[in-house]
2 protein chains.
Amino acid sequence: MHINQPFAVPSLTHVDTKHLRLALVEAQWQLRSEKNKPDARGVLVLVSGIELAGKGEAITQLREWVDPRLLNVKAMMPQTVTTPQPFWKPYAQHTPAKGQVTVLFGNWYGDLLAAAMQDDINQQQFDAQIALMRQFEHDLAANGTTVIKCWFDISWKCLQERLDKLDSSAQKWQHLHGLDWRNEKQYREIQQWRQRFYEDWFVIPGEDADQRDLQFAHLILDALKTKPNTLNASISNWKNAEIPAELLHPSASKLEKESYQANKDKLQKQVAGLLRKQVKRAPVVVVFEGMDAAGKGGSIRRLVEPLDPREYEIHSIAAPEPHELLHPYLWRFMTRMPELGGITIFDRSWYGRVLVERIEGFATEEEWRRAYDEINRFEHQMTEQGYILIKFWLSISNEEQLVRFKERQDTPHKRFKITEEDWRNREKWDGYLQAAADMLQRTSTDNAPWHVIATDDKYTARVQILQAIAKQLTVGKS
Amino acid sequence: MHINQPFAVPSLTHVDTKHLRLALVEAQWQLRSEKNKPDARGVLVLVSGIELAGKGEAITQLREWVDPRLLNVKAMMPQTVTTPQPFWKPYAQHTPAKGQVTVLFGNWYGDLLAAAMQDDINQQQFDAQIALMRQFEHDLAANGTTVIKCWFDISWKCLQERLDKLDSSAQKWQHLHGLDWRNEKQYREIQQWRQRFYEDWFVIPGEDADQRDLQFAHLILDALKTKPNTLNASISNWKNAEIPAELLHPSASKLEKESYQANKDKLQKQVAGLLRKQVKRAPVVVVFEGMDAAGKGGSIRRLVEPLDPREYEIHSIAAPEPHELLHPYLWRFMTRMPELGGITIFDRSWYGRVLVERIEGFATEEEWRRAYDEINRFEHQMTEQGYILIKFWLSISNEEQLVRFKERQDTPHKRFKITEEDWRNREKWDGYLQAAADMLQRTSTDNAPWHVIATDDKYTARVQILQAIAKQLTVGKS
């Protein structure tokens, strides 16, 4: 979408409004009726602008014209950026499912403007954040969430006139939030900042109430009706990665039990100490991926053993629930990311997109090929806020997996760990190996590198995992 | 469940553990496999206790014995009660769905103890809160969530020995939270407080690690396997309420447009001002119920017109989504309640339990008859924290409904408001009227009274709604 200026709107007459209302309601129900189709979409409307430019009034008017039961409005006060977190964190849970329309009144741009006005960031940082936000919205769009952005604008003179006319209770309320709108310097400053994110926004002049409401409603209608162009993702030149030796033939070097015990206890304590130090600065996310029976569960147990359950959270990721399928695939991970002070461990993760979803065909070829870049950006949005991302691929040999499968089958209290599906996945060994190789090649980044750990020998693996965490937590900290 | 003392546990042998693990995993899967059945349950485990009594270790051990993918652990720091909110608010979103087991490490009892230790409340208030919490848990149980409560206990001497042995990083972490566990007076004090909620808790001695872990795991196993007794709800003496005249023959007194306009604008401003004042003290919840076309949407529009969308949130309640059906019926409302400063408006509400669910048979007779008391308690948990609950039943006559249905059908942009279902509901007019009468009689309480508003004349209705809100917001405030 590249419209720099709002299009012309016919003048407001009674007849126009009736047609508009009908069109809006029909478009809403159309969107909703398609929510389970492959090209289903949600619509996310970001609203920002000058105070008293009529954002609230336009939303209130919109609610009268549409079917209000199919419109979500989430209004949040600017998040003062006191803790490191990706810009989407406070809002992710409110983004629309497919079939829904959500107006986010208060959003990441508002937070950014607030930070800029408080001199917390300079122009370069501001522009860098805008670039990240656009990528994020681009990735949302590619995964079924149409994003439109509306800036409600009024002149300095108009703003002052409206402030004069405010009644007292509204004035008090007004006073609690935002900037000093009586200060012309501040007004000019905010206008200068927002010029920097001008081009993919719709600017709605707020002077004339009828025109403003009509323009806003027409924008929503347009977003409801227009299917986005297929995104030109440069994914046609696909080339499989070579499968590295560490995946084909995981090392089988052995560690004796005594030497393991001695090492392990020391390392566990060291890692616990490092984690406790780290989370005071920024959250930690640890991801475990690997073939079935590669030792994900056991590795997690050893990692958390010296910690208190109040210090971490573990998410075991299974197939998405029906309501989760109505969101972009990253949504159920965005909404589970830790806050400052937290450690979150994923037993399987968003990499399912390029592993199981690729191999089982739950994602289309276009979708999973595109996902590598999307995931890199998603992780970058966290690491650039200081999040530590530690990713493990547990590499088991085909033979050792068979041994463990049989042991699971023969041990009553372990039988729950092995299902028909695990045997079926085993048949697809080569496919999963290729998927892992591609994943490792394409998503190992400076700030979020993959650690490949051979797990045929459990003792060696556990020690190496702890060592890798310790290393990643101390790198660049000395 | 009325076990005051933990039962005897066989001594820990290798064989025991294997059996226990198998039994736990089987019980977990059994619970999960029944999640869509009528008597499905979730299990909620509340864990509290003396620091270093081994709560964390027991949970970590439990995770090793069970299928960890079917166990949720949510650990939260005590919520210092700085804002008025019902005790369940920070935790409601983490309570288990049917088929799930959730350990809440950090829960309403922890918050209450923290408040007591900080001298924020006296013994009488403490006991009153305990009573509310037990009712709440009783209602959870009646609606499919088994609740068990475990207190991990160690002696003062044992606590001091363990503190001596803590390594430095754990010590630092420990130091951040909770009380000064080196202070014997505080230890005695907390023990005295917790004696007050002793009787329906399982006390697990934390001195012996093996015994502790086994006891905890056996408690969970027991909770997983034991179907709760059918609750002896005294609902057999049911007597329909008489249908009051204001439902049978809603007043049709008319207000002229001019007088309406003059009144309305003034009232809207007054109400907006009162709401803004009120939400500084505690949140406001406004509920609109009524027959189809009784004017719920229009009333909400007039109420919010002078407000900014950042000041309120509107929830239009439709049939629950599949994942919502896996929770007690109040869950999707608990998780939508406003925080301090917020106004939440419900277009239909939890009263669906005794209206549509009763009439359409989605709730059993036992369930909806029980629901009146459950709802009264639910509302009391909010109002005793200062929440203002304003409830409207919009009373339309059968004839006027027909007029509006026809108008909706004949107006293209209003046609979405009328469906086959609305016509079917109209056939059940008398049933809904009876349900409304019973609801008004049984759930109109001092702190959360119903306002019955005749809506055949829209102008009169809108003015009366605003007047009722203004009145409820000023009562007792003069």
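Proteins get letters first, then strands, A, B, ... in listed order; numbering begins at 1 in each. Worth saying up front: this structure is predicted, and the values here are computed from it rather than measured.
How far CG of B:Leu31 is from CD of B:Gln100: 9.5 Å, rounded to the nearest 0.5 Å.
B:Arg301 has no carboxylate O lying under 4.0 Å from a charged side-chain N of B:Asp347, or vice versa, which leaves the two without a salt bridge. Using a cutoff of 4.0 Å between basic side-chain nitrogens and carboxylate oxygens, B:Glu57 and B:Arg162 are not scored as salt-bridged.
Both the backbone and the side chain of A:Arg21 have a heavy atom closer than 4.5 Å to some heavy atom of chain B. No part of A:Val279 comes within reach of chain B, as not one of its non-hydrogen atoms sits under 4.5 angstrom from that chain. At a 4.5 Å heavy-atom cutoff, the contact between A:Val73 and chain B is made by backbone and side-chain atoms alike. For a residue to count as touching a neighbouring chain, one of its non-hydrogen atoms must lie under 4.5 Å from one of that chain's; by this rule B:Val47 does not touch chain A. In this structure, chain B has a heavy atom under 4.5 Å from the side chain of A:Glu313, while its backbone stays farther away. Interface remark: A:Pro322 contributes no atoms to any contact with chain B (heavy atom separation under 4.5 Å). Only the side chain of A:Lys74 has a heavy atom closer than 4.5 Å to any heavy atom of chain B.
Using a 30° and 60° split on the angle between ring planes, B:His323 and A:His323 fall in the parallel class, below 30°.
For the set A:Gln61, A:Glu64, A:Gln28, A:Lys414, the count of heavy-atom pairs under 4.5 angstrom toward chain B peaks at A:Glu64. Ranked by heavy-atom pairs under 4.5 Å with chain B, the list A:Pro309, A:Gly56, A:Ala75, A:Gly273 is led by A:Pro309. Considering only heavy-atom pairs separated by less than 4.5 Å from chain A, the leading option among B:Glu321, B:Glu26, B:Lys277, B:Arg63 is B:Arg63.
When all heavy atoms of A:Asp213 and A:Trp65 are compared, the pair lying nearest together is O-CZ3, 3.6 Å.
Not a single donor-acceptor pair under 3.5 Å links the side chain of B:Glu311 to the backbone N or O of B:Ile343.
Applying the 6.0 Å contact sphere to NZ of B:Lys35 captures more than 12 heavy atoms from other residues, nucleotides or ligands.
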